[in-house]
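Quick caveat, the model's predicted, so the values are computed rather than measured. Order of appearance sets the numbers: ligands from 1, and atoms from 1 within every ligand.
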Amino acid sequence: MDGQKTNAPKVDGEEILDGIRQWVEIETPTYDGEAVNKLADVVEESMRALGAAIERTPGRDGFGDILTTRTPWGGDGPGILVLSHLDTVHPTGSLEDYNPWRREGDSVYGPGIYDMKAGAYLAYYAYQHLVRSGRETPLPVTFLYVPEEEIGSPTSRALIEAEAKKHKYVLVTEPAREGGKIVTGRKGVGRYYATARGVAAHSGSRHADGRSAIKAMAKLILEVEAMTDYEIGVTTNVGLVNGGTGVNVVPRECTAEIDLRIPTAALAEEYERRILGLATEDPDVELTVTGGINRPPYQKDAGIRKLFDHAKAVCAEVGFELQDMHTGGGSDGCFTAALGIPTLDGLGADGVGAHAQHEQIYFSSLEPRAKMWIRLLETLT
Ligand SMILES: [Zn+2]
């Protein structure tokens, strides 16, 4: 096109950014399955044009479809699973409202650009680059796009796990952080729902007859919050509380939602037992706690260490130093790592402000990351 050798197209940051922009400008809030499917349509078409085999699993419960695309090469043996999500936490209209597409210095803004449209696009771009260059990877590559990662992947988890079991490695396109660090460990996530039921009464004339569900829950909340132990990396958060019907009524019901983060499987079990075993002191207040671990902890085992060392060597060749870290946030990488499949996460673009109004990526991270993706796909065997 510009006189370059056609068998070695340039990895071009501006071209990558144009592609990311197309994906960002299709807004994809998790709960709007139709909106997410509009982006799935675009990805499907682009992948089809590059010769990939397409499978589309219809969405359930109002969520978007799951899109699975496979390279035409590499055979049927276990290969590389590239895991992306197309949904974002931002409601439709965010692009007009609080985070319009714009470029200021090295920062490029847009809802969901960092988590994780830029990352998903980078992996796609690597595939496109290989096809354009007439190169193939030794292993087959599956690109899996899920529609509801931001709420814990309730409709895609089974498929993610089934695919992961058929693959040798999993590469997750979640955002990089703190200067481009990738993720080789994540805390597991538990979600619990507590309901206290007491006895309603008039707060003036029959106060003694009442049993306050809010009062019982207040004690319970303090107990749950006290389980936080930064030393061992366990945190609990009561993030939502609801209760009562009027200021002059002793409240009959109160509910609380608990978020638990745990670094290891053993601690997950222990804290799950403690939370499900919560009880009230008052025999007239009935307490139920439901829920469970929705993402297991992701720990850096020998397989992950080896895969990371490989990626580090690839990045050194590309021209940057790859570092890794452990983070508290969950991702679909937790599912695949828990199955024992070597998983690297956080391979997306560097930036800041995931889920926030100022969400942005750093343009300068695009070219090196694209090169890393190309070389990773080409060198894993
Ligand atoms: Zn994400």
Using the side chain to side chain donor-acceptor pair (under 3.5 Å) rule, take Glu148 and Thr155 through it: C-alpha gap first, then chi angles, then the decisive distance, then the call. CA-CA 8 Å; Glu148 32 55 304; Thr155 65; 2.7 Å; yes

So that I can check it, does any N, O or S atom in Glu149 come closer than 2.8 Å to the Zn ion (ligand 1)? no

Of Glu25, Glu359, Glu27, the residue whose pairing with Pro111 passes side-chain contact (heavy atoms from CB on, under 4.5 Å): Glu27

Taking the N/O/S atoms of Asp115 one by one, which is nearest to the Zn ion (ligand 1)? OD1

Any chance you could lay out the salt bridge (Lys or Arg N to Asp or Glu O under 4.0 Å) test for Glu34 and Lys38, step after step, and finish with the verdict? CA-CA 6 Å; Glu34 277 179 37; Lys38 280 186 192 141; 5.9 Å; no

How about Leu260 and Met227: do any of their side-chain heavy atoms sit closer than 4.5 Å? no

Could you pull out the atom name of the N/O/S atom in Glu174 that is nearest the Zn ion (ligand 1)? OE1

